[in-house]
Amino acid sequence: MKQEVEIEFKNLLSYAEFISVKAHFKIKDEDFVEQRNYYFDTLEFSLAKHKSALRIREKKAEYELTLKQPHANGLLETNIPVPKHEAISFIRKNEFPKSAIEMKRIFAEIGLDSNELTYLGELVTYRCEFEYKNGLLALDHSVYLDVEDYEIEYEVKDKQRGHHSFTQLLQQLNISKKSTKNKIKRFFDKKRQTM
């Protein structure tokens, strides 16, 4: 189990802005890598009520279970690699991965029974990421629940310097700053509308 604090800045893009960012950084279509995010919560959205979220990410035939929780400096991410058969059992049968027993303890601390977790849907992201000014810049095209959106993300270690660099980049590219929820929140907001 690996834990780290995630500090990132993000901004939704119009399709025209997405194309403009691709051109600015000379990004080709083949630079994008597909990642599938499978989201889980209880039917009452108990994790969301704790401002937390759970997903399995499939990327290059590897699976990782990630719990995101609030943290003073961003989000606390708990990551556990899981075997493919356990990931598929969780998605198809709601069988919590045996290899993620440590995460069950975290759920118990917030009063959640992992047996109540259920698969709620999938978000597919086509991502190109690269180093940029002491951080990691990602350009994303995501598809989920009849929605298609575009986004730029900047993951950093230093919040203040990262904010400055990200703001400068948006200004340089003539992109207006938009209040942007993370993908999981966007997914669940849309999911609630369909339930």
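Only a predicted model underlies this, so the values are computations on that prediction, with no experimental measurement involved.
- For the atom pair CG (Leu47) and CD (Gln69), the distance works out to 8.5 Å, reported to the nearest 0.5 Å.
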Worked check of salt bridge (charged side-chain N to carboxylate O under 4.0 Å, His left out) between Lys22 and Asp31
CA-CA 10 Å; Lys22 274 180 70 178; Asp31 295 330; over 6 Å; no

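- No side-chain heavy atom of Asp41 sits under 4.5 Å from any side-chain heavy atom of Thr118.
- In this structure, Leu75 CG and Lys68 NZ are separated by 6.0 Å, a value rounded to the nearest 0.5 Å.
- With a 6.0 Å radius and a threshold of 12 heavy atoms from other residues, nucleotides or ligands, Arg192 has its CZ atom above the threshold.
- Residue-environment remark: NE2 (His71) exceeds the threshold of 12 foreign heavy atoms within 6.0 Å.
- Residues His163 and Phe9 bring their aromatic ring centres within 6.0 Å.
- In this structure the side chain of Leu76 reaches within 4.5 angstrom of the side chain of Gln3, judged on heavy atoms.
- Atom OH of Tyr15 has 12 or fewer heavy atoms from other residues, nucleotides or ligands within 6.0 Å.
- For Gln160, the CD atom is loosely surrounded, since the number of other residues' heavy atoms within 6.0 Å does not exceed 12.
- The environment of Glu131 atom CD is sparse: at most 12 non-hydrogen atoms of other residues, nucleotides or ligands sit within 6.0 angstrom.
- In this structure, Tyr150 has its ring center no closer than 6.0 Å to that of Tyr126.
- Side-chain polar atoms of Ser99 and Glu86 form a donor-acceptor pair below 3.5 angstrom.
- Within 6.0 Å of atom NZ in Lys178, more than 12 heavy atoms from other residues, nucleotides or ligands are found, so the atom counts as buried in its surroundings.
- Donor-acceptor pairing under 3.5 Å is lacking for the side chains of Asn37 and Tyr144.
- Crowding of His164 atom NE2: a count of heavy atoms from other residues, nucleotides or ligands under 6.0 Å not exceeding 12.
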Salt bridge (charged side-chain N to carboxylate O under 4.0 Å, His left out) between Arg127 and Glu129, intermediate numbers included:
CA-CA 6 Å; Arg127 168 172 281 189; Glu129 60 185 15; 3.7 Å; yes

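- Here the side chains of Leu170 and Asn11 are in contact, with some heavy-atom distance below 4.5 Å.
- Taking the six-membered ring for Trp and thresholds of 30 and 60 degrees, Phe45 and Phe188 have ring planes more than 60 degrees apart, a perpendicular arrangement.
- From Leu139, atom CG reaches atom CZ of Phe130 across 7.0 Å, with rounding to the nearest 0.5 Å.
- Aromatic ring orientation, Phe166 versus Tyr154: parallel (interplanar angle below 30°, classes split at 30° and 60°).
- Between the side chain of Lys190 and the main chain of Val147, no donor-acceptor pair closer than 3.5 Å is present.
- In this structure, CG in Asn115 is found 12.5 Å from OG1 in Thr42, a value given to the nearest 0.5 Å.
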Please report the C-alpha distance between Thr125 and Asp140 in whole Å, then the side-chain angles of each, then the deciding distance to 0.1 Å, and finally whether the side-chain hydrogen bond (donor to acceptor under 3.5 Å, both in side chains) criterion is met.
CA-CA 6 Å; Thr125 296; Asp140 292 343; 5.3 Å; no

If you apply the rule salt bridge (charged side-chain N to carboxylate O under 4.0 Å, His left out), what do you find for Arg57 with Glu34, and how did you get there?
CA-CA 10 Å; Arg57 174 169 285 167; Glu34 179 182 289; over 6 Å; no

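- Val82 and Pro97 get closest at one heavy-atom pair: CG1-CB, 3.9 Å.
- A distance of 15.5 Å separates CG in Leu120 from CZ in Arg55, rounded to the nearest 0.5 Å.
- By the 30° and 60° cut-offs, the orientation of the rings of Phe90 relative to Phe40 is parallel.
- For NZ of Lys98, the number of neighbouring non-hydrogen atoms (other residues, nucleotides, ligands) closer than 6.0 Å is 12 at most.
- Note that the CD1 atom of Ile91 and the CZ atom of Arg36 stand 10.0 Å from one another [nearest 0.5 Å].
- Tyr119 and Tyr39 sit in two unconnected hydrophobic clusters of ILVMFWY residues. Membership requires side-chain heavy atoms under 4.5 Å apart, directly or through other members.
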